Asker: 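First the structure, then my questions, so here it is.
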Amino acid sequence: MHILGVETSCDETSVAVIDDNNRILSNIIHTQEVHSRFGGVVPEVASRAHVKKIVPTYQAALAEAEMTLDDIGLIAATMGPGLVGPLLVGLTFAKGLAFARDIPFVAVNHMEGHLAANILEHPDLSEHHLTLIVSGGHTMLVEVEKFGHYRMIGRTKDDAAGEAFDKVAKLLGLGYPGGAELDRKAESGDPNYCKFPRPLIKEPGFQFSFSGLKTAVAIHVGKLDEQSRSQHIADIAASFQEAAVDVLSEKTIKAAQDKQITDITLSGGVAANRRLRSVLGERCDRAGLRLFYPSPALCTDNAAMIAAAGYYRFREDGPSELITNAVPYLKLEQA
Ligand SMILES: Nc1ncnc2c1ncn2[C@@H]1O[C@H](COP(=O)(O)OP(=O)(O)OP(=O)(O)O)[C@@H](O)[C@H]1O
Ligand SMILES: [Mg+2]
């Protein structure tokens with residue numbers, strides 16, 4: 001069977017075709033550049049940009065897969081969480097296609113999609129694993145008993161990890177969204193230049209907090225004159241990244257040991273962070289745990305992961321009703 005995935009929850013218009021062996025035949029991702037001038041995603045602008053791009057993105061996905069809609073056996077689309085206008089564009093488009101051609105439709109939880117990116121690429125990953133979801137809007141440690149069965153272990157009390165990366169990047173003049181740029185910049189910086197706080201690292205439990213760390217960077221930057229600031233951008237980026245990665249890695253290892261889980265995955269946009277992959281990877285090796293993460297293009301929003309999650313959902317629960325609506329604050333536990 002071939003599955004068509006549609007993702008429009010934020011500022012990526014993406015359509016993909018995968019098969020039921022988790023082979024990606026196409027995964028077209030159009031990132032809306034228009035928001036960089038506002039320093040954040042403007043929901044109404046995003047909705048309009050999705051309307052413009054959804055049809056050409058869909059056509060490109062079918063063309064690259066060398067298929068027509070006749071070859072598609074299931075259509076999956078993100079129903080939430082995300083921005084309601086953008087969600088409605090992809091969801092309505094997908095439901096329209098399904099209705100017109102009598103193809104089964106399945107609604108997908110975007111966070112379950114991020115999680116499915118690992119399953120898509122790593123066939124030897126245990127069904128029972130721990131995932132650290134680190135994205136633009138979420139930071140969560142989740143025990144996956146098996147696909148569709150989740151136990152929340154901890155989450156952030158305030159900012160998401162990606163949000164913290166983006167805010168610090170903005171502070172350092174690295175543009176928006178700046179997580180990936182901060183990662184690149186940090187490579188030439190000294191991670192020991194400044195010892196920023198590691199919020200909640202020694203606290204029991206698995207809660208995260210990033211707003212204090214972001215404020216500590218802002219205070220440090222505020223004290224520097226123009227010359228030292230521009231001289232130390234890479235050092236500040238590396239020191240912030242080190243603190244964030246240290247907390248994320250420490251809590252993840254602790255949670256895996258506490259729950260006696262040996263397989264760990266990273267999901268979401270920040271899973272593309274090279275320092276997080278390497279620090280957590282080393283600590284997992286030392287602790288006898290296995291770490292998996294998606295290839296960079298499957299970490300940030302894309303429709304292949306939505307198609308993969310949709311296919312799992314379909315096998316477990318059958319199709320969704322065509323009256324399914326967008327749910328902006330959909331929780332992973334509701335998946
Ligand atoms: N290499 C990287 N290092 C750090 N952060 C990164 C990197 N690449 C991407 N990011 C961050 O990942 C985030 C985007 O991830 P993603 O697309 O999963 O988030 P989202 O879809 O906006 O949020 P959510 O999935 O929670 O709804 C942004 O905050 C971005 O800066
Ligand atoms: Mg996302």
Side-chain angles (χ1 to χ4, degrees), residues 5 7-14 27 29-32 35-36 39-43 46 50 78-84 86-87 90 108-118 131-140 142 155-156 159-172 174-187 189 208 210 213-214 237-238 240-245 247-249 265-280 293-306 309 326-332 335:
E7 157 62 35
T8 60
S9 67
C10 191
D11 57 347
E12 264 90 22
T13 313
S14 180
N27 190 20
I29 304 166
H30 173 260
T31 300
Q32 302 172 358
H35 306 289
S36 57
V41 177
V42 182
H50 283 304
T78 305
M79 66 173 288
L83 300 167
V84 70
L87 283 169
V108 174
N109 183 309
H110 178 83
M111 305 321 292
E112 193 169 49
H114 276 303
L115 207 142
N118 283 295
T131 188
L132 173 68
I133 303 184
V134 269
S135 61
H138 296 80
T139 301
M140 312 188 281
V142 180
R155 50 162 45 111
T156 180
D159 291 356
E163 195 181 345
F165 269 87
D166 290 339
K167 286 178 177 169
V168 169
K170 198 168 165 184
L171 205 78
L172 298 176
L174 301 177
Y176 180 89
E181 184 56 28
L182 192 147
D183 179 350
R184 276 191 290 275
K185 201 83 193 163
E187 215 173 15
F208 297 97
F210 292 102
L213 170 58
K214 172 199 68 194
F240 156 77
Q241 181 173 266
E242 204 63 14
V245 164
V247 179
L248 289 167
S249 304
T265 64
L266 286 174
S267 332
V270 184
N273 184 268
R274 289 170 297 177
R275 190 69 186 146
L276 177 59
R277 288 169 179 241
S278 84
V279 168
L280 185 54
Y293 38 75
S295 50
L298 292 187
C299 289
T300 41
D301 292 351
N302 69 90
M305 69 183 196
I306 300 302
V327 181
Y329 292 100
L330 188 67
K331 300 231 177 314
L332 180 64

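Basis for what follows: all heavy atoms, side chains included, without hydrogens, waters or symmetry-related copies. Atoms within each ligand, like the ligands themselves, are counted from 1 in listed order. If you're wondering where the values come from, they're calculated on a predicted model, not measured in any experiment.
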Asker: Can you sort out which atoms of ligand 1 are near F165, meaning under 4.0 Å from one of its heavy atoms?
Answerer: 4 (C)
Asker: Minimum heavy-atom separation for A326 to V84, with atom names?
Answerer: CB-CG2, 4.4 Å
Asker: List the atom of C299, the atom of A272, and the distance in Å for their closest heavy-atom pair.
Answerer: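 So the two residues come closest at SG-N, 3.6 Å.
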Asker: To the nearest 0.1 Å, how far is atom 1 (N) of ligand 1 from its closest protein heavy atom, and which atom is that?
Answerer: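 For atom 1 (N) of ligand 1, the nearest protein heavy atom is D183 OD2, 2.8 Å.
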Asker: Using the rule side chain to side chain contact (heavy atoms under 4.5 Å, CB included), only one of V42, V41, L83 pairs with D11; which is it?
Answerer: V41
Asker: Using a heavy-atom cut-off of under 4.0 Å, does the side chain or the backbone of V270 touch ligand 1, or both, or neither?
Answerer: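 Under 4.0 Å from ligand 1, V270 contributes backbone and side-chain atoms.
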Asker: Within the 4.5 Å heavy-atom criterion, are H138 and H114 side-chain neighbours or not?
Answerer: no
Asker: Quick one: look up the protein heavy atom nearest atom 22 (O) of ligand 1 and list residue, atom name and how far away it is.
Answerer: G136 CA, 4.0 Å
Asker: Give yes if a backbone or side-chain nitrogen or oxygen of T300 is under 3.5 Å from a nitrogen or oxygen of ligand 1, and no if not.
Answerer: no
Asker: Identify the closest protein heavy atom to atom 17 (O) of ligand 1: which residue and atom is it, and at what distance?
Answerer: D301 OD1, 3.0 Å
Asker: Could an N or O of ligand 1 be found under 3.5 Å from any N or O of G162, whether backbone or side chain?
Answerer: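 Yes.
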Asker: Between C10 and D301, which heavy-atom pair has the shortest distance, and what is it?
Answerer: CB-OD2, 4.2 Å
Asker: As an exercise, state the distance from CD of E7 to CG of N302, rounded to the nearest 0.5 Å.
Answerer: 7.5 Å
Asker: Would you check whether H138 has a nitrogen or oxygen atom less than 3.5 angstrom from a nitrogen or oxygen atom of ligand 1?
Answerer: yes
Asker: Between E181 and R184, is there a side-chain N and carboxylate O pair less than 4.0 Å apart?
Answerer: yes
Asker: So which protein heavy atom does atom 28 (C) of ligand 1 come closest to, and at what separation?
Answerer: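 Result for atom 28 (C) of ligand 1: D166 OD2, 3.5 Å.
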Asker: With a 3.5 Å cut-off and no angle check, do the side chains of S9 and T78 form a donor-acceptor pair?
Answerer: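 On atom types as modelled, these side chains do not qualify, holding no pair under 3.5 Å.
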Asker: Testing the basics here: between I306 and V108, what is the closest heavy-atom pair and its distance to 0.1 Å?
Answerer: O-CG2, 3.6 Å
Asker: How far is atom 27 (O) of ligand 1 from the closest protein heavy atom, and which atom is that?
Answerer: H110 CD2, 3.7 Å
Asker: Which atom names give the shortest non-hydrogen contact between I29 and S14, and what distance separates them?
Answerer: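 Here I29 and S14 meet closest at CG1-OG, 3.6 Å.
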Asker: Give the atom numbers and elements of ligand 1 that come within less than 4.0 Å of a heavy atom of H114.
Answerer: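 In order of numbering, the contacting atoms are 18 (O), 25 (O).
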Asker: Compute the shortest N/O to N/O distance between G268 and ligand 1 and return yes if it is under 3.5 Å, no if not.
Answerer: no
Asker: Specify side chain, backbone, both or neither for R274, according to which of its non-hydrogen atoms lie closer than 4.0 Å to ligand 1.
Answerer: neither
Asker: Among all protein non-hydrogen atoms, which one is nearest to atom 9 (C) of ligand 1, and what is the separation to 0.1 Å?
Answerer: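 Ranking protein heavy atoms by distance from atom 9 (C) of ligand 1, first comes G269 O, 3.4 Å.
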Asker: With a cut-off of 2.8 Å, does H110 place any N/O/S atom under that distance from the Mg ion (ligand 2)?
Answerer: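 Yes - counting backbone and side chain alike, H110 has an N, O or S atom under 2.8 Å.
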Asker: According to the interplanar angle, ranging from 0 to 90°, do the rings of F208 and F210 count as parallel (below 30°), tilted (30 to 60°) or perpendicular (above 60°)?
Answerer: parallel
Asker: Can you tell me if H114 has an N, O or S atom under 2.8 Å away from the Mg ion (ligand 2)?
Answerer: yes
Asker: To the nearest 0.5 Å, what is the distance between OG on S267 and CD on E112?
Answerer: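 Those atoms lie 11.0 Å apart.
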Asker: Under 4.0 Å, heavy atoms only, figure out whether ligand 1 is touched by the backbone of N273, its side chain, both or neither.
Answerer: both
Asker: Starting from atom 26 (O) of ligand 1, find the nearest protein heavy-atom neighbour and note its residue, name and distance.
Answerer: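 Protein heavy atom at minimum distance: S135 OG, 2.5 Å.
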Asker: Using only N, O or S atoms, tell me which atom of D301 is closest to the Mg ion (ligand 2).
Answerer: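 Considering only N, O and S atoms, D301 comes nearest to the Mg ion (ligand 2) through OD1.
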Asker: I'd like to know if A272 contacts ligand 1, where contact means a heavy-atom distance under 4.0 Å to any ligand atom.
Answerer: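 The answer is yes, since A272 has a heavy atom less than 4.0 Å from ligand 1.
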Asker: Restricting to non-hydrogen atoms, name the atom on A303 and the atom on G5 that form the minimum distance, rounded to 0.1 Å.
Answerer: CB-O, 3.4 Å
Asker: Considering non-hydrogen atoms of the protein only, which is the closest contact for atom 23 (O) of ligand 1, and what is the distance?
Answerer: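 Here the closest protein heavy atom is G137 N, 3.2 Å.
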